[in-house]
Protein chains: 2
Amino acid sequence: MALRANRGQQVLQSNAIVAVDVVLFTVRPKTEIEQAWQVLLVQRDDAAFVGKWSLPGVLVHADETFDAAARRALQTKASLDAAGWYLEQLGTFGHPSRDTRGRVVSVAHVALQRSDELTLVPGSDVLRAEWVPVRWVPAESLAFDHADMLRVAMQRTQSKLRYSWVAFQLLPEKFTLPELRSIYAAILDPALLRLNTSNFKKAFAELFASGALVPVGQRATAGRVGRPADLYAFCGPLGGTWERELPWQMERDLHAPAS
Amino acid sequence: MALRANRGQQVLQSNAIVAVDVVLFTVRPKTEIEQAWQVLLVQRDDAAFVGKWSLPGVLVHADETFDAAARRALQTKASLDAAGWYLEQLGTFGHPSRDTRGRVVSVAHVALQRSDELTLVPGSDVLRAEWVPVRWVPAESLAFDHADMLRVAMQRTQSKLRYSWVAFQLLPEKFTLPELRSIYAAILDPALLRLNTSNFKKAFAELFASGALVPVGQRATAGRVGRPADLYAFCGPLGGTWERELPWQMERDLHAPAS
DNA sequence: GCAAAAGTGTTCATCGTACACCCATGG
DNA sequence: CCATGGGTGTACGATGAACACTTTTGC
């Protein structure tokens, strides 16, 4: 509330430290479906909390948007060029005692990106940067309230998968329907792997009708037994998603009180 | 990034001003359905932006949660005791140039409350506090980026209404199904007023089955023509909501790019 | 009694699911 | 030629929407 004059312009006194943290999710193919959904964690080499695992994050610069800061966090902590990646704000965590170094308010973000062509290089103040299966994350030992962030991010991502087409962010240009199905199975429910191609395809009838999901006319190169799957391409707006409603509602946790 | 020692404990330098703003929605009965959905706006008497209409907001105190600050905003700006009201974080708005007085980061919240027993009293730095139909809000003339906040809050509330039971937050203890229907109609689509009682009731079959929505066994006192409606009570957790899926999907804006 | 509003039950179309069948590859 | 996995079409069951009908009030 403290005010002070500055060149005739009213100026407010800073009262907090603002940071961003990024929950970067990926789905790794050729992995057991239960471990395919993974998150980027970094082991801190900061003055405080040395050795602790945490989400990548940085303090927000004076003239920097949250979005830019979040991408910079991925750049400086793991040498990832996140330009163009799917990134959205998750929520802000600001409990007064969440950080012992002061009133640190962190704007958490969620990013989704396929990782088969990425290499993680530990950046500044980082000992290691690794992909960790979300169900293996040592929640209790994460720094700050990053376990909370991760939990909320997981729920939000599961919802997003149901209400939008973000799943395509986790696939290359050309992909097969079984690959697409594995994205949903890894994040929502492994039982989806048992879904028939026909039934799975019907869930995307709108996209086929609108021309946003088109068959490429090629077959995937078969490296294993069985018929090679057809290749498809997603022609929706880059980095954008549409609202939608997925038919299959799995693991319905109705009757459970919300947070 | 600037650090300084303080009693041997590492302390981070404040780099921003953190505030909260509240989008308080209500649905006013006995109002044209198109104007029934209303939002609380206050006319500023602050040193800056005098006369401008804005959402109620305050700076966050050093040892205060966002939730507490948001309720304090309603208290100090409109003399509303928001203890126990439904309140959730919406998102954080922090564009570097959103406030000319410095790097002000605002954590926006959404609150839902019935208003038939409330009286608005302008508080500190406030000339007037009024309910404004959301479709009448002079978006361009709102202070800061509050027009953006309001737009996002409206979308979020519409989604929440579809995915949860928050609608009951906008009704008194005892209410009728037509009243409940008017909540959905005011926020989602006026055409819902034409829904048959039978079909509308089926949407809440789960709640009836679980005992969360029970008939009181009374009739509403009929002040107008037509049969008086039966009274019901919602016995879900106070201030809580369950996940759910509403059957009727109105005004589907598929094929429209998301923000 | 009549119009208006609320509540009930039935019918019909739609859609998700299950399943049977066909195709293509590796061994 | 057989096992495995991908792809297609059909049939059945659940459910949301439309509607006809009954109940209860004000005028």
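All heavy atoms count here, side chains included; hydrogens, waters and symmetry mates do not. Only a predicted model underlies this, so the values are computations on that prediction, with no experimental measurement involved. Just so we're on the same page: letters track the sequence lines, and every chain starts at 1.
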Check the distance between C:dC15's P and A:F200's CZ and give it to me in whole angstrom.
19 Å
When the aromatic ring centroids of A:F175 and A:F168 are compared, is their separation below 6.0 Å?
yes
What's the CG-P distance between B:L180 and C:dA6, to the nearest Å?
13 Å
Verify, without hydrogens or angle tests, whether B:H146 (side chain) and B:S54 (backbone) share a donor-acceptor contact under 3.5 angstrom.
no
Check: D:dT10 base within 3.5 Å donor-acceptor of A:K202 side chain
yes
Partners of B:F66 by ring-ring contact (aromatic ring centres under 6.0 Å, His included), sequence neighbours excluded?
none
Geometric class of the B:Y184/B:F200 ring pair [parallel <30°, tilted 30-60°, perpendicular >60°]
perpendicular
When all nucleic acid strands are considered with a 4.0 Å heavy-atom cut-off, which category describes B:R194: base, sugar-phosphate, or nothing?
nothing
Partners meeting side-chain contact (heavy atoms from CB on, under 4.5 Å) with B:R219 (sequence neighbours left out):
B:R227, B:P228, B:D230
Quick one: A:K201 NZ to C:dG16 C1', roughly how many Å, whole number?
17 Å
Atom CG of B:D230 to atom C1' of C:dA5: distance rounded to whole Å?
12 Å
Between P of D:dT23 and CG of B:L177, the distance in whole Å:
19 Å
For B:F25 and B:W37, take the angle between the two ring planes, folded into 0 to 90°, and tell me which bin it lands in: parallel under 30, tilted 30 to 60, perpendicular over 60.
tilted
Rounded off to whole Å, could you give me the CG-to-P distance for the A:L195 and D:dG5 pair?
16 Å
Using atom CD of A:E179 as one end and atom C1' of D:dG6 as the other, report the distance to the nearest whole Å.
13 Å
Taken to the nearest whole Å, CZ/B:F204 to P/D:dT15 is 17 Å
B/S/- along nucleotides 19-27 of chain C (protein heavy atoms under 4.0 Å) is BB--BBBS-
